[in-house]
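One structure is given here, and the rest of the page talks about it.
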Number of protein chains: 2
Amino acid sequence: MASPIPIHAQLSPRRRGPASGPRLETRFDRRLARILVYATHVFYDKGYAAASMRDLSRASGVSLSGLYYYFESKEELLYLIQKHTFTTIVDRLRRRLEEVADPVERIRLFILNHLEYFLANQKAMKVLSHEDDVLKNGFGAEIAAIKREYYQICMELLDHYKQARGLEFSSRTAVLSLFGMMNWIYTWYNPRVDADAVELAREMGDIFLRGIGAGSAKAPQKKKPATSN
Amino acid sequence: MASPIPIHAQLSPRRRGPASGPRLETRFDRRLARILVYATHVFYDKGYAAASMRDLSRASGVSLSGLYYYFESKEELLYLIQKHTFTTIVDRLRRRLEEVADPVERIRLFILNHLEYFLANQKAMKVLSHEDDVLKNGFGAEIAAIKREYYQICMELLDHYKQARGLEFSSRTAVLSLFGMMNWIYTWYNPRVDADAVELAREMGDIFLRGIGAGSAKAPQKKKPATSN
DNA sequence: CCATTGTTCGAACGTTCGTTCAAATAATAG
DNA sequence: CTATTATTTGAACGAACGTTCGAACAATGG
């Protein structure tokens, strides 16, 4: 229980991760990935804290001690899930944003990308959203950094939009409201009742873009001269 | 019909709750209420599953076994917190809604009531929002019923507004988006940085009402329509 | 004073937790 | 084949968990 925080060094028998090796994806990696899928299901169902390694052992068919051949602790397990999920969604977003220039369309793309991935990987996204601040120290810092990056992208999209339209509103409240709308989905979404990602992205995009689209509200309120944010 | 749901009968030494008695608020009730406050803090910090009765014992200064004089299980503890929090917010809302008739103002009042209570009781509201589906059977059913009631009120407010303005949009998506905006707050709100409840309610009210205010957005938009304001 | 009732507590119960480890098995190379 | 490495496991560890229980303490009324 006392490590100098190299995350997961070569403490395990042999090479870990897709480093230098004969194959790009080793048997080890494939097996680990499979376990991570089961772990995602278990954490989704019971929550990280209430889920036990024995639950995962039962679900995955791997013996309790056998699991520890693939990772060093339950906490690293959560970290691996969150890291993979979050980096995937950010990478996808970056790639798709390269092909769109219009500020409005870029925001709509952000929403669409988020919801598409959210609904296609609902369990992983709940584990990411719900177990937000359970990781500590190194693990927690790394996930927090990705989160900040993702938030920053959205903030920039919004600021460009504001600038292009000469609007004034609190970007922080707007961005966080948007995240709230989108991330809350895991508490209510039912594929039998609710629309798919494209339709949902359109609806939420409408609400959000229209919501921030015009000037300040009808009633005379505080005057905010120039400084935004 | 499952069970008559007596929740917690008179299994405890003597009378429980503010039933018939010499005083309206017994010493027992006051002491229990104090423990519930500590429990709220503990659940807020560590999450329900990860928080232990020993944590609560330490925080409250009551011995581990002494706690069980006031409730029968950890689960009932969470139930008591959630029940009190939820019924209070609904009761307050009902009372305030009686004094407002205008459909728009009623929606704004709903948002304000929610945010005021949310920020004034942030820890309890996180425990309510975050530990959403951990209560089982009788306890879970009772909280779920209040939740449905609260949701229903919001839905009716929105439907009246739709009818009054002749609008068309998915009430379900709209209501759940609004809840998402509001409930997500517990993940980011910082009283040193963010505005107070009144201001926040105005901002979110603007986004939401404007967002649903115009006609349905079926037409693909390239340019912003020339609506003034 | 005693008797009664309401309240608190230390100590322990049985269970489950995350994790370890030496030994056993499967796969691979020489 | 044998030797080496990669993978899997049963059994067990100490710690922590929620909960129980009988004794002790405090308050009150006779």
Side-chain angles (χ1 to χ4, degrees), chain A residues 1-3 8 10-17 19 21-23 25-35 38-39 42-43 46-80 131 134-136 139, chain B residues 8 10-19 21-23 25-35 38-39 42-43 46-80 131 134-136 139:
Chain A
M1 289 289 260
S3 65
H8 55 294
Q10 64 280 33
L11 294 175
S12 270
R14 290 296 165 197
R15 78 196 108 87
R16 280 207 160 185
R23 240 174 307 182
E25 197 188 40
T26 66
R27 177 179 141 89
F28 181 94
D29 295 323
R30 270 179 277 118
R31 201 105 172 76
L32 172 57
R34 232 176 60 91
I35 293 176
Y38 284 112
V42 173
F43 288 165
K46 308 189 119 188
Y48 170 76
S52 74
M53 299 298 291
R54 284 163 180 85
D55 290 329
L56 174 57
S57 170
R58 209 172 300 117
S60 63
V62 179
S63 72
L64 181 56
S65 51
L67 293 170
Y68 284 86
Y69 181 69
Y70 291 95
F71 44 85
E72 297 195 341
S73 67
K74 186 184 174 189
E75 199 185 9
E76 186 187 352
L77 197 51
L78 178 60
Y79 161 78
L80 290 172
E131 317 293 350
V134 342
L135 290 178
K136 305 295 178 195
F139 288 150
Chain B
H8 55 291
Q10 65 279 34
L11 295 174
S12 270
R14 290 296 163 198
R15 80 195 106 89
R16 280 207 159 184
R23 239 175 307 184
E25 196 187 44
T26 66
R27 175 179 143 88
F28 180 93
D29 294 324
R30 270 179 278 118
R31 202 104 172 77
L32 172 57
R34 231 175 60 90
I35 293 176
Y38 284 112
V42 173
F43 289 165
K46 309 190 119 192
Y48 170 76
S52 74
M53 298 301 291
R54 285 162 179 86
D55 290 328
L56 175 57
S57 170
R58 209 173 300 119
S60 63
V62 180
S63 72
L64 182 57
S65 52
L67 292 170
Y68 284 86
Y69 181 68
Y70 291 95
F71 44 85
E72 298 195 341
S73 66
K74 187 185 174 188
E75 198 185 9
E76 185 187 353
L77 198 51
L78 178 60
Y79 161 78
L80 290 172
E131 317 293 350
V134 342
L135 291 178
K136 304 296 175 193
F139 287 150

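So you know, we letter chains A, B, ... as the sequences are listed, proteins then strands, and number each from 1.
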Item to complete: Give a yes or no on whether the backbone of Ala51(A) and the side-chain of Lys74(A) come within a donor-acceptor separation of less than 3.5 Å.
Response: yes
Discussion item. From CZ of Phe28(B) over to P of dT5(C), roughly how many Å is that when rounded to an integer?
Written reply: 18 Å
Worksheet item: So, is Arg31(B) close to the dG6(C) phosphate, meaning a side-chain N or O under 4.0 Å from OP1 or OP2?
Response: no
Fill in: Rounded interatomic separation in angstrom, taking CG from Leu78(A) and P from dG18(C)
13 Å
Practice prompt. Give a yes/no on whether any side-chain N or O of Arg27(A) is located under 4.0 angstrom from OP1 or OP2 of dT8(D).
Written response: yes
Worksheet item: Would you call the rings of Tyr69(B) and Phe28(B) parallel, tilted or perpendicular if under 30° counts as parallel and over 60° as perpendicular?
Response: perpendicular
Worksheet, complete the sentence: When rounded to whole Å, the CD1 to C1' distance for the pair Ile35(B) and dT8(C) reads 11 Å
Item to complete: Please tell me which of the listed nucleotides, dG10(D), dC9(C), dT7(C), lies nearest to the side chain of Ser63(A)?
Response: dG10(D)
Practice prompt. Let me know the distance between CG of Leu67(B) and C1' of dC9(C), rounded to the nearest Å.
Written response: 11 Å
Worksheet item: So, Glu76(A) side chain and Phe71(A) main chain: donor-acceptor pair closer than 3.5 Å or not?
Response: no
Worksheet item: Do the rings of Phe139(B) and Tyr79(B) sit parallel, tilted or perpendicular, given the 30° and 60° boundaries?
Response: parallel
Worksheet item: Within this structure, what is the NZ-to-C1' distance between Lys136(B) and dG18(D), rounded to whole angstrom?
Response: 18 Å
Worksheet item: CG of Leu32(B) versus P of dT7(C): gap in Å, rounded?
Response: 11 Å
Discussion item. Between Lys46(A) (side chain only) and Ser52(A) (backbone N and O only), is there a donor and an acceptor less than 3.5 Å apart?
Written reply: no
Worksheet item: Between dT19(D) and Tyr68(B), is there an OP1 or OP2 to side-chain N/O distance shorter than 4.0 Å?
Response: yes
Worksheet item: Between Tyr70(B) and dT8(C), is there a side-chain N or O to OP1/OP2 distance below 4.0 Å?
Response: yes
Worksheet entry | Strand contacts (DNA chain C) in residues 48-59 of chain A, 4.0 angstrom heavy-atom criterion | Ala51(A), Ser52(A), Met53(A), Arg54(A)
Item to complete: Mind checking the CD-CG spacing from Glu75(B) to Leu80(B)? Nearest 0.5 Å is all I need.
Response: 11.0 Å
Practice prompt. Using whole Å, report how far NZ of Lys74(B) lies from P of dC17(D).
Written response: 9 Å
Worksheet item: According to a strict under-4.0 Å criterion, is Tyr69(A) in side-chain N/O contact with OP1 or OP2 of dT8(D)?
Response: no
Practice prompt. Whole angstrom is fine here: how far is it from CZ in Phe71(A) over to C1' in dG18(C)?
Written response: 11 Å
Discussion item. With heavy-atom distances below 4.5 Å as the criterion, would you say the side chains of Val62(A) and Tyr38(A) are in contact?
Written reply: no
